[in-house]
Amino acid sequence: MMISVSSDMDEPVARLLVAELRRRGHEVREHGALRSGADPQWAVCSEAAARDVAEGRSDQAVVCCWTGTGASIAANKVPGVRAALCTDAATAEGARRWNDANVLALSLRLTSAPVLTEILGAWFAAEPSQDPEDVQNVARVGRLDAARNVS
């Protein structure tokens with residue numbers, strides 16, 4: 001699977017994220033402070049990773065900033081992206097299952113190495129729910145994107 005990763009700071013947890021994704025067999029496309037010469041601003045690099053997903057260059061993305069909030073906000077402005085800020089494995093599993101999230105947002109401040117491993121394990125193990133109510137909710141979010149683009 002191709003995973004785009006962005007971080008506005010070259011922090012150890014961001015480097016660990018890239019290494020862990022590769023260890024799990026994923027290809028990684030780096031943005032922001034993780035790529036030499038790239039713009040490290042959280043809004044810029046998070047948008048770039050999210051666009052990779054929306055435009056089919058990546059299957060999923062992980063966006064990072066100090067709190068994770070800015071990265072998730074920027075990613076969610078890209079139509080077709082459902083970014084979820086996750087601080088634990090249960091939230092990551094739920095985001096994939098019930099929300100069909102395709103972008104994981106992480107806090108560089110809060111995410112330790114063990115928690116990162118747990119979050120990634122839950123994220124990649126979960127499958128989007130096929131429950132009709134969950135499918136309807138995800139479809140409604142898609143319609144919100146479409147309505148925003150018409151205005």
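One is the number of the first residue; the rest follow in order along the sequence.
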Treating Ile, Leu, Val, Met, Phe, Trp and Tyr as nodes and any side-chain heavy-atom pair under 4.5 angstrom as an edge, say whether [X] and [Y] lie in one connected cluster.
X    : Y    : value
L85  : W123 : no
V28  : L34  : yes
V44  : V78  : no
V62  : W66  : yes
V115 : V18  : yes

Partners meeting salt bridge (charged side-chain N to carboxylate O under 4.0 Å, His left out) with [X] (sequence neighbours left out):
X    : result
D10  : R15
E93  : R97
E118 : none

For this session: Please tell me if the side chains of V81 and E47 come closer than 4.5 Å, counting only heavy atoms from C-beta onward.
Result: no

Exercise. Do R24 and E20 have side-chain heavy atoms sitting under 4.5 Å apart?
Worked result: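 They are in side-chain contact.
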
Quick one: pull up [atom1] in [X] and [atom2] in [Y] and give me the separation to the nearest 0.5 Å.
X    : Y    : atom1 : atom2 : value
N137 : D131 : CG    : CG    : 9.5 Å
I3   : R29  : CD1   : CZ    : 11.0 Å
E30  : S36  : CD    : OG    : 10.5 Å
C65  : M9   : SG    : CE    : 7.5 Å
M2   : Q60  : CE    : CD    : 12.5 Å

The criterion is side-chain hydrogen bond (donor to acceptor under 3.5 Å, both in side chains); which residues satisfy it with [X], sequence neighbours excluded?
X    : value
D39  : Q41
S129 : D134
R57  : D52, E55
W98  : none

For [X], what residues pass the side chain to side chain contact (heavy atoms under 4.5 Å, CB included) criterion, not counting sequence neighbours?
X    : value
A61  : S4, A49, V53, V103
V138 : R82, D100
L116 : V13, L16, L17, L106, T111, L120
L110 : T87, S107

Minimum-distance pair of heavy atoms, taken over all atoms of [X] and [Y]:
X    : Y    : result
A71  : W42  : N-CE3, 4.0 Å
S72  : V63  : N-CG2, 4.4 Å
G80  : N102 : O-ND2, 3.1 Å
P128 : Q130 : O-NE2, 3.3 Å
C86  : A95  : SG-CB, 4.2 Å
A122 : A92  : CB-CB, 4.4 Å

Problem set entry | side-chain contact (heavy atoms from CB on, under 4.5 Å) between N99 and V141, intermediate numbers included | CA-CA 9 Å; N99 311 123; V141 171; over 6 Å; no

For this session: Please confirm whether the backbone N or O of A101 pairs with a side-chain atom of R96, one donor and one acceptor, at under 3.5 Å?
Result: yes

Exercise. With sequence neighbours left out, which residue pairs that include part of residues 7-32 fulfil the ring pair (Phe, Tyr, Trp, His ring centres under 6.0 Å) condition?
Worked result: H26-F124

